[in-house]
J.: 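Quick one: structure below, then a few questions.
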Amino acid sequence: MLEIQRIRNEEEAIIEGLKKRHFDARPIVEEVLSVDEQWRAKKGALEKTASQMNQISKQIGILFGQGKQEEANKAKAQTADLKAQESALKVEVDELDKKIINLMYQLPNVPNALVKSGGSELDNEIIEEFGEMPVFGFRALPHWEITDKFNLIDFELGVKITGAGFPVYKGKGAKLQRALISFFLDEADKAGYEEYIPPLVVNEASGYGTGQLPDKEGQMYYIQEDDLYLIPTAEVPLTNIYRNVMLPDENFSIKLTGFTPCFRREAGSYGKDVRGLNRLHQFDKVEIVRIEHPSNSDKALNEMIGHVKGLLEKLGLQYRVLRLCGGDTGFAASMTYDFEVYSAAQEKWLEVSSISRFDTFQSTRLKLRFKNTDKKSQLCHTLNGSALALPRIVAALLENHQTEEGVNIPEALHKFTGFEKI
RNA sequence: GGAGAAGUGGCAGAGUGGUCGAAUGCACUGGUCUUGAAAACCAGCGUACCGCAAGGUACCGGGGGUUCGAAUCCCUCCUUCUCCGCCA
């Protein structure tokens with residue numbers, strides 16, 4: 001959520017910035033400001049009335065204390081009008097309050113200066129490419145044929161037990177999964193991220209904290225009976241560790257990591273997009289999260305990019321880095337870098353990681369602040385990224401490291417898998 | 001799941017309808033004293049919002065209610081503790 005102060009002070013800059021998302025913010029921003037003005041007027045009136053009420057009440061108390069019953073009762077009679085006024089104003093103020101919040105929830109984050117204007121993925125910028133595109137001297141198999149051939153993942157079995165999008169990993173497939181998780185966590189640990197095992201179900205407040213609610217309500221599995229949500233990413237529980245937190249000074253750089261399964265309803269997805277491991281309802285992911293001083297946000301983002309590059313290189317995967325255009329950048333992010341690996345078998349790029357900075361967009365909702373040198377509270381910056389999401393990495397590994405005989409496991413994984421080939 | 005108790009400022013802990021944003025102690029900050037430190041003494045010490053300011057409003061687990069007035073009474077939810085039940 002954008003800060004109301006910022007909307008008041010930088011109206012035009014925000015509207016201009018959001019054009020890069022092909023989002024016309026003017027009607028909303030103008031309404032916010034107009035409602036905000038009404039709110040302030042009503043709020044002022046309400047506080048004035050409350051102040052009068054408080055004074056009279058105090059007087060009544062003193063009069064009763066002095067045993068002056070009559071005068072006290074007389075004073076009581078005066079309050080009826082004020083009280084009616086107060087409760088009417090309160091209702092109005094509450095309504096205006098809700099109106100502003102609802103409007104603010106509709107405003108996405110303002111893209112960073114580096115972000116190009118654009119409406120869809122077609123406008124994303126390719127920032128960097130690494131490695132050689134895979135070339136095979138034989139017919140390369142898509143991963144779902146490889147997993148089938150070597151008995152690594154049983155999609156049908158998942159359908160039987162649960163439904164489509166819930167694969168069953170088995171044998172070397174399961175071991176590869178576990179190895180990747182260990183590898184990613186070890187690498188994050190080496191890079192200074194503290195490991196957490198958070199809950200996989202979160203309450204409504206946490207969903208709002210990181211911005212999944214109300215924007216993406218339909219994307220999360222919801223447990224009605226307990227009013228809880230299955231996490232769509234570890235970002236939610238990890239970042240919410242710091243909800244309503246005031247860091248005591250400016251000297252902080254908080255780095256968290258965690259492995260969790262992630263649950264996504266993916267309503268509306270169909271066809272070849274969901275083939276094999278490309279899009280699942282349940283998948284595993286190691287996430288990295290950072291909470292930073294605003295002045296350190298750039299540096300943190302670059303470190304995260306470097307970290308993911310390192311992972312992909314150690315896995316021997318060729319990749320490219322994209323900076324998403326305004327229209328393709330997520331609602332809460334001000335800038336996002338995607339990592340993609342080319343699948344020769346599927347003849348398309350697979351998104352394997354996404355790193356975003358949110359500036360104060362999440363911390364506004366989270367109330368995540370620090371005390372600056374002037375002893376004032378100031379909002380922190382948050383960032384997060386996948387490091388890495390398993391399914392597409394597994395798909396990329398199987399497809400790009402395949403030979404006519406099987407699949408070569410990258411050396412970095414050997415100590416975790418216990419085998420070098422499939 | 002059942003029965004009971006409790007949730008107050010950074011911590012501890014008073015406060016059961018009126019001048020309570022809240023005693024007191026500890027911690028913390030500044031000062032006096034001291035060669036320095038400690039001790040002692042003095043002063044200060046929550047957050048948010050509105051306002052140029054003076055100031056005002058709100059906050060005693062969350063939400064709602066009673067009342068002129070609520071930390072205090074009522075309802076409800078949450079959490080913690082004790083006992084019972086169930087259970088990996």
Side-chain angles (χ1 to χ4, degrees), chain A residues 1-9 32-104 197-209 213-214 222-229 237 240-252 261 360 362-380:
Chain A
M1 195 159 66
L2 298 173
E3 293 153 84
I4 184 75
Q5 293 291 355
R6 188 169 165 203
I7 298 178
R8 284 177 195 153
N9 299 333
V32 167
L33 290 172
S34 122
V35 176
D36 181 52
E37 210 163 300
Q38 293 170 50
W39 176 83
R40 278 193 275 182
K42 290 288 180 191
K43 180 92 168 172
L46 171 64
E47 291 188 354
K48 206 172 153 199
T49 314
S51 176
Q52 286 169 13
M53 282 288 288
N54 286 344
Q55 247 174 17
I56 294 174
S57 294
K58 207 171 257 187
Q59 278 306 314
I60 292 174
I62 291 168
L63 289 173
F64 271 123
Q66 296 170 340
K68 297 177 182 166
Q69 309 286 338
E70 273 178 46
E71 285 181 55
N73 284 322
K74 221 189 267 175
K76 259 197 206 181
Q78 303 174 2
T79 60
D81 277 356
L82 275 176
K83 208 185 175 187
Q85 232 179 77
E86 190 185 13
S87 53
L89 281 168
K90 194 161 192 280
V91 170
E92 289 182 76
V93 169
D94 284 350
E95 268 169 21
L96 292 169
D97 239 331
K98 270 184 208 149
K99 217 166 166 182
I100 292 178
I101 297 265
N102 283 332
L103 287 166
M104 304 265 282
I197 301 180
L200 308 182
V201 240
V202 295
N203 56 30
E204 194 182 41
S206 294
Y208 275 96
L213 294 174
Y222 174 58
I223 305 163
Q224 192 163 25
E225 198 168 358
D226 299 295
D227 199 18
L228 296 170
Y229 296 84
N240 271 281
I241 291 171
Y242 284 88
R243 174 154 47 87
N244 281 325
V245 165
M246 173 79 75
L247 300 167
D249 55 50
E250 307 210 12
N251 305 314
F252 63 94
T360 58
Q362 289 185 325
S363 55
T364 311
R365 293 197 197 180
L366 289 163
K367 291 201 173 64
L368 165 52
R369 294 162 300 172
F370 65 94
K371 283 267 191 226
N372 64 24
T373 40
D374 298 332
K375 305 257 183 191
K376 296 260 189 190
S377 54
Q378 199 178 328
L379 292 164
C380 300

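Here is how names work: the chains are called A, B, and so on, in the same order as the sequence lines, proteins then strands, and each is numbered from 1.
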J.: Whom does B/rA37 pair with, Watson-Crick or G-U wobble, provided both distances fall under 3.5 Å?
T.: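 None - no nucleotide pairs with B/rA37, as no candidate has both distances under 3.5 Å.
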J.: Say we look at B/rG9 and B/rG13: how far apart would their C1' atoms be, to the nearest angstrom?
T.: 11 Å
J.: If we take the P atom in both B/rA6 and B/rU16, what is their distance in whole Å?
T.: 14 Å
J.: Do other residues, nucleotides or ligands put more than 12 heavy atoms under 6.0 Å from A/N9 CG?
T.: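 Count over threshold, so yes.
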J.: In whole Å, what separates the C1' atom of B/rG61 from that of B/rU79?
T.: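 Nearest-Å result for B/rG61 against B/rU79 at atom C1': 7 Å.
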J.: How far does the P atom of B/rC75 sit from the matching atom of B/rA27, given to the nearest Å?
T.: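 After rounding to an integer number of Å, I get 42 Å for this pair.
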J.: How far does the C1' atom of B/rC60 sit from the matching atom of B/rG46, given to the nearest Å?
T.: 12 Å
J.: Give a yes/no on whether any side-chain N or O of A/Q5 is located under 4.0 angstrom from OP1 or OP2 of B/rC50.
T.: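 Yes, such a contact exists.
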J.: Report the residue (A/F64 or A/A50) whose heavy-atom-nearest nucleotide on RNA chain B is the more 5′ of the two.
T.: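 With A/F64 and A/A50 compared, the 5'-side residue is A/F64.
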J.: From the set B/rU19, B/rC49, B/rC68, return the single nucleotide nearest to any side-chain atom of A/K83.
T.: B/rC68
J.: With a 4.0 Å cutoff (strictly under), does any side-chain N or O of A/R369 reach OP1 or OP2 of B/rA48?
T.: yes
J.: Round to a whole Å and report the spacing from CD of A/E47 to P of B/rG56.
T.: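 Interatomic distance, CD of A/E47 to P of B/rG56: 11 Å.
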J.: Give the rounded distance in Å between these two atoms: CG of A/L82 and P of B/rU67.
T.: 16 Å
J.: Of all heavy-atom pairs between A/G209 and A/N240, which one has the smallest distance, and what is that distance?
T.: CA-OD1, 4.1 Å
J.: Quick one: is A/S377 getting a side-chain N or O under 4.0 Å of the B/rA48 phosphate, OP1 or OP2?
T.: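 For B/rA48, OP1/OP2 do have a side-chain N/O of A/S377 under 4.0 Å.
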J.: Using whole Å, report how far CG of A/L46 lies from P of B/rA58.
T.: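 Between P of B/rA58 and CG of A/L46: 8 Å.
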J.: In whole angstrom, give me the gap between the P atoms of B/rC52 and B/rA23.
T.: 32 Å
J.: For nucleotides B/rG56 and B/rA22, find the distance between their P atoms and express it as a whole number of Å.
T.: 12 Å
J.: Applying the Watson-Crick and G-U wobble criteria at under 3.5 Å, what pairs with B/rA54? Answer none if nothing qualifies.
T.: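 Paired with B/rA54, as far as the under-3.5 Å criterion goes, is no nucleotide at all.
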J.: Nearest 0.5 angstrom please: A/E71 CD to A/I60 CD1, how far?
T.: 11.5 Å
J.: Using purine N1 to pyrimidine N3 plus N6-O4 or O6-N4 for Watson-Crick, or N1-O2 and O6-N3 for G-U wobble, each under 3.5 Å, what pairs with B/rA23?
T.: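 Answer to the pairing question: none, since B/rA23 forms no Watson-Crick or G-U pair.
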J.: For the CD atom on A/E250, are there more than 12 heavy atoms of other groups (residues, nucleotides or ligands in this structure) within a distance under 6.0 Å?
T.: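 Atom CD in A/E250 is crowded, with more than 12 foreign heavy atoms closer than 6.0 Å.
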J.: The side chain of A/R40 lies closest to which of these nucleotides: B/rU57, B/rC68, B/rC50?
T.: B/rC50
J.: Give a yes/no on whether any side-chain N or O of A/N54 is located under 4.0 angstrom from OP1 or OP2 of B/rU57.
T.: yes
J.: Output the single nucleotide from B/rG51, B/rG69, B/rU57 whose closest atom is nearest the side chain of A/S57.
T.: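 Among the listed nucleotides, the one closest to the side chain of A/S57 is B/rG69.
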J.: Nearest of B/rG56, B/rC68, B/rG51 to any side-chain atom of A/S51?
T.: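 Between B/rG56, B/rC68, B/rG51, the one nearest the side chain of A/S51 would be B/rG56.
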J.: On RNA chain B, nearest-nucleotide positions of A/K376 versus A/I56: which is more 5'?
T.: A/K376
J.: Across all strands, who's sitting opposite B/rG46 as a Watson-Crick or G-U wobble pair, both distances under 3.5 Å?
T.: B/rC59
J.: Is there a Watson-Crick or G-U wobble partner for B/rG18 with both distances under 3.5 Å, and which nucleotide is it?
T.: B/rC68
J.: Given atom CD of A/Q78 and atom C1' of B/rG69, what is their separation to the nearest angstrom?
T.: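 From A/Q78 CD to B/rG69 C1': 14 Å.
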J.: Between B/rU47, B/rU19, B/rA48, which nucleotide has the shortest distance from any of its atoms to the side chain of A/K371?
T.: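 For A/K371, the side-chain atoms sit closest to B/rU47.
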J.: Give none if B/rA5 has no partner; otherwise give the nucleotide forming a Watson-Crick or G-U wobble pair with it, both distances under 3.5 Å.
T.: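 Partner of B/rA5: B/rU80.
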J.: Can you measure A/L89 atom CG to B/rC50 atom C1' for me and round it to whole angstrom units?
T.: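 After rounding, the reported distance stands at 14 Å.
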J.: Could you state the interatomic distance from CD1 (A/I56) to OG (A/S51), rounded to the nearest 0.5 Å?
T.: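 One gets 10.0 Å once the value is rounded to the nearest 0.5 Å.
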